[in-house]
J.: 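What follows is a single structure, and I will ask about it in a moment.
Indexing begins at 1, ligand by ligand and atom by atom, following the structure's order. Keep in mind that the numbers below use all heavy atoms, side chains included, and drop hydrogens, waters and symmetry copies.
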Amino acid sequence: MNLDSGTAGPDSTSLSRHRSVWDVRSESWIGLVDVLSQLAKLAQDDPGREERLTKIGALTEALRPIEACWAYPGRRAFAELCSHIDRGNLAHAAIIARRFHRTLASLTYRHEGTGAKNDADLPSQIESEQEYQAQLRCPYFEVLVVDDMLVEEEEALHRQVRNERRPDDDFVYDVVVVPTFEDALVASWVNFNLQAVVIRYGFPYRSRYFRELVGRRYIDGADVDGELLPESERGPLLGRQIAKLRPELDLYLVTDVNVEDVAAKAGETFNRIFFGEEDKLELNHSIMQGVAERYHTPFFDALCKYAKQPTGVFHALPLARGKSIMNSNWIGDLGQFYGMNLFMAETSATSGGLDSLLEPTGSLKLAQEYAARAFGSRRTFLVTNGTSTANKVVVQAIVRPDDIVLVDRNCHKSHHYGMVLAGAQVTYLEAYPLHEYSMYGAVPIRHIKETLLDLRRAGTLNRVRMVLLTNCTFDGIVYNVERLMLECLAIKPDLVFLWDEAWFAFARFHPVYRPRTAMGAAAKLTEMFKSEAYAKRYAEFASSFDEADWADDEKVLNTRLLPDPGKARVRVYATHSTHKTLTALRQGSMIHVWDQDFKDKAEEAFHEAYMTHTSTSPNYQILATLDVGRRQVEMEGYELVQRQLELAMNLRDQVAANPQLNSHFRFLTVTDMVPEEFRESHVESLYNMETGWENLLKAWQSDEFALDPSRATLAIGLTGMDGDTIKNKYLMDKYDIQINKTSRNTVLFMTNIGTTRSTIAYLLGVLVKIARDVDNRVRDMSTPELRIHEKRVRSLTQELPPLPNFSCFHQAFRGHSLDGQSETRDGDVRSAFFLSYDDANCEYLTMDDTAKAIRNARECVSAQFVIPYPPGFPILVPGQVISAEILQFMQALDVREIHGFRPELGFRIFTEPALELAGQANAVWKAQVNASAEAAEGE
Ligand SMILES: Cc1ncc(COP(=O)(O)O)c(C=O)c1O
């Protein structure tokens with residue numbers, strides 16, 4: 001069995017069918033060790049031999065293409081193992097396979113090298129075993145070399161790489177050689193150890209192993225037929241495709257043709273381009289330097305250094321250097337618990353390598369630049385007070401008083417308060433409701449277009465400044481960010497977008513998620529608007545959609561609009577709670593900006609807004625973890641996110657397949673969460689054995705809304721318990737399982753980059769126990785108890801109160817058309833909010849009294865935000881009219897927490913005289929706005 005002579009077996013061509021190639025790899029090694037050990041013990045004439053030999057054949061065939069993607073055990077070692085098997089040296093093969101498996105499973109191949117036995121075996125620049133061992137403790141990575149080499153040449157390359165190792169290297173690496181374009185794409189997809197790719201020249205296109213290409217499907221626009229390209233152009237194309245798949249990798253091109261010409265054309269894609277065999281040493285140094293740049297954490301490094309320096313503190317912060325703790329009789333346990341390093345790193349200094357977050361010029365400035373590189377933004381700002389603050393910074397920076405802002409009503413409360421502070425006229429957008437699960441989806445593009453067209457008709461479109469949406473939602477609904485921005489920009493080309501990606505920081509690091517991130521889409525739009533292909537596409541669209549079409553709302557709504565690239569501006573902001581999905585201390589957040597008008601239109605205001613909301617004592621530990629969290633995702637984000645995805649799919653499958661679990665619980669699927677009309681792909685399950693990940697890719701590429709599979713919503717109505725009860729009584733109190741969100745009949749489990757197989761196993765075990773408890777309880781119920789239980793199940797599964805829409809702002813707060821003749825949907829939340837500060841303007845009405853008042857045609861207007869948890873969105877905002885539907889929903893809610901509603905007093909609403917006064921103020925404002933609009937028109 002020779003590795004090089006292998007033909008594509010059935011398993012090798014269907015890598016994409018497997019949920020996890022990494023699991024297939026480890027399971028195949030376990031299987032191989034197992035069967036080899038059994039075989040080694042069997043007599044030659046044992047009847048079980050044949051079957052086991054066939055199994056071994058299948059396992060090595062499955063492993064062959066996977067192993068070709070990794071440096072350890074490597075092509076040669078794997079071929080040797082196969083040849084032992086071929087020659088019947090089964091006992092020896094079992095020993096080798098076991099060693100490989102152990103080393104792989106424990107990841108010790110990263111730190112054991114190739115097993116130098118004496119000084120003569122050591123790399124030439126390393127003099128002692130001690131130096132060698134010290135060096136092997138450095139972080140390890142692999143470099144993919146794309147070249148059609150002979151095995152001997154490959155061995156020589158391995159030797160050369162080893163010999164170039166030096167005792168003072170910061171990292172240690174090994175190489176994986178793949179012979180073709182397609183193999184390189186697959187290896188980039190499979191091998192999470194990769195940090196750099198060296199693309200050489202003269203390699204074929206087609207893979208020997210893969211008939212279908214897994215990695216390529218992630219890359220949109222990958223249909224350029226690389227096979228038809230001249231070999232000299234394949235390298236640059238491969239570089240571009242790998243960059244789309246894994247932009248964090250360093251790319252190097254070695255070419256044998258006109259290097260200057262290639263550099264001019266493809267220089268942007270590659271870190272460096274080399275000519276032929278020149279500068280081999282330079283290549284090695286470049287690889288090390290490229291990795292060092294991503295590894296470097298300027299602020300964390302500065303803080304570590306600072307912590308070691310002797311200082312005398314004549315400033316604030318007695319806890320700095322642990323001084324107030326070490327000498328204390330009473331609080332020594334604080335030091336013991338956290339360890340002294342925390343306090344050694346606590347300081348209010350902004351010099352000595354540290355920096356000021358408010359005016360960064362040194363290590364924090366650099367940390368922000370690195371974060372911008374990692375998250376694909378033009379500029380990034382670190383935030384130490386969470387995304388609650390990040391959102392307010394962006395809103396204040398962009399929105400001026402009286403600007404109209406389109407806001408998803410279900411967005412986080414920080415936006416609503418941000419609108420109050422900014423004095424915006426808010427037009428609330430409605431997400432599609434999921435009545436059966438008491439939760440909302442996301443806002444359809446059609447509804448946003450409709451709203452913009454309403455405002456156009458009212459003559460106030462020019463006052464619309466921003467669209468603000470949550471991507472992805474708590475429950476995992478993800479927008480088609482690119483399409484949404486394109487269509488909105490076609491109606492209003494200077495719109496600013498704020499995407500609240502509090503829960504989506506991880507998405508940048510996976511090729512399926514990346515295109516649906518704000519920064520991914522902003523980069524794409526920028527490229528598109530510059531391209532000839534888009535200019536042509538737009539010209540075709542413009543010639544088929546004339547002024548009469550633009551005047552016809554129905555046509556505008558039913559057409560996929562394209563913006564004029566000469567007018568559209570790319571102005572996109574995203575806020576990340578880095579701490580929610582990546583490594584960072586609580587409150588560690590980031591603002592990412594891709595705004596082509598930032599310098600002209602936003603920089604000063606942004607600075608002021610950042611000053612308004614940022615503490616003058618930002619927490620250094622939070623900043624340091626943001627810096628290190630960034631390093632982590634640049635080095636291993638891809639692996640961590642893919643694992644998170646796979647674990648979530650495992651969790652879903654286990655519940656679906658287990659009869660005890662599936663009789664009580666069901667994870668909601670994309671068909672439950674995204675109605676058919678928003679799923680062009682008609683995909684119904686994101687992963688299955690027949691089509692592998694194909695469906696996920698299809699849905700994420702085309703659908704208006706996609707479901708993030710790493711968020712698993714469990715329907716629990718059949719247990720007869722509501723979300724709150726399961727969360728508090730079972731998950732939290734009894735089993736210490738932390739979850740965040742529940743609805744009446746669901747609980748949400750989120751996997752993250754810290755989730756392990758053991759945590760998933762623990763959760764499954766707990767669910768089994770809850771299911772068993774329910775079964776036992778139901779079995780012991782008397783007939784009346786059973787009837788009550790059944791009624792409860794019905795109420796949780798069939799009788800859910802319909803989710804109410806946003807009613808409307810009271811006319812005292814409502815906006816109006818340019819001619820002042822009609823009212824618009826937007827409302828002045830700020831005036832309403834502050835009107836309630838005077839108690840004399842407010843009164844309380846109980847639920848019943850409110851119902852009566854509504855029946856008597858009184859407009860009851862909320863004086864404050866009313867937010868039930870769950871579902872956690874404001875059911876009422878200041879200035880909003882309380883409708884009969886809202887009341888009905890509130891009455892049906894059986895939740896314990898309703899912020900802004902006092903059960904003993906009821907709703908806080910405005911008195912009628914207060915509304916009268918507010919109405920008069922609104923009329924004055926209306927006259928002022930009209931006058932200034934007329935004046936502007938006259939100019
Ligand atoms: C969508 C959304 N945005 C913003 C926030 C606030 O983030 P932070 O906790 O980082 O302040 C949250 C918090 O849950 C959220 O769900």
J.: May I have the N/O to N/O pairs between ligand 1 and the protein that fall below 3.5 Å, each with atom names and distance to one decimal?
T.:
from     : atom 1 : to     : atom 2 : distance (Å)
ligand 1 : 3 (N)  : Asp500 : OD1    : 3.2
ligand 1 : 3 (N)  : Asp500 : OD2    : 2.6
ligand 1 : 7 (O)  : Ser577 : OG     : 3.3
ligand 1 : 9 (O)  : Lys580 : NZ     : 3.0
ligand 1 : 10 (O) : Thr387 : N      : 2.8
ligand 1 : 10 (O) : Ser577 : OG     : 2.7
ligand 1 : 10 (O) : His579 : NE2    : 2.8
ligand 1 : 11 (O) : Thr387 : N      : 3.1
ligand 1 : 11 (O) : Ser388 : N      : 2.9
ligand 1 : 11 (O) : Ser388 : OG     : 2.6
ligand 1 : 14 (O) : Lys580 : NZ     : 3.2
ligand 1 : 16 (O) : Trp503 : NE1    : 2.8

J.: For residues 465-473, dump all side-chain donor-acceptor pairs below 3.5 Å to protein atoms at least two apart in sequence or in another chain.
T.:
from   : atom 1 : to     : atom 2 : distance (Å)
Arg465 : NE     : Asp403 : OD2    : 2.8
Arg465 : NH2    : Asp403 : OD1    : 3.3
Arg465 : NH2    : Asp403 : OD2    : 3.4
Asn471 : OD1    : Tyr479 : N      : 2.9
Asn471 : ND2    : Glu501 : OE2    : 3.3
Asn471 : ND2    : Arg516 : O      : 2.9
Thr473 : OG1    : Asp475 : N      : 3.4
Thr473 : OG1    : Gly476 : N      : 3.3
Thr473 : OG1    : Ile477 : N      : 3.0

J.: Could you tell me the separation between the CZ atom of Phe833 and the NE2 atom of His416, rounded to the nearest 0.5 Å?
T.: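 Spacing of CZ (Phe833) from NE2 (His416) equals 12.5 Å.
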J.: Taking side chain to side chain contact (heavy atoms under 4.5 Å, CB included) as the test, write out the residues that go with Ala372, two or more places apart.
T.: Ser377, Thr380
J.: Check the surroundings of atom CZ in Arg586: do more than 12 heavy atoms from other residues, nucleotides or ligands lie under 6.0 Å from it?
T.: no
J.: What residues, two or more places apart in sequence or in another chain, satisfy side chain to side chain contact (heavy atoms under 4.5 Å, CB included) together with Val628?
T.: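 Testing Val628 for side chain to side chain contact (heavy atoms under 4.5 Å, CB included), a comparison that skips the adjacent residues, returns Thr297, Phe300.
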J.: Find the distance between CG (Leu303) and CG (Leu364) and round it off to the nearest 0.5 Å.
T.: 9.5 Å
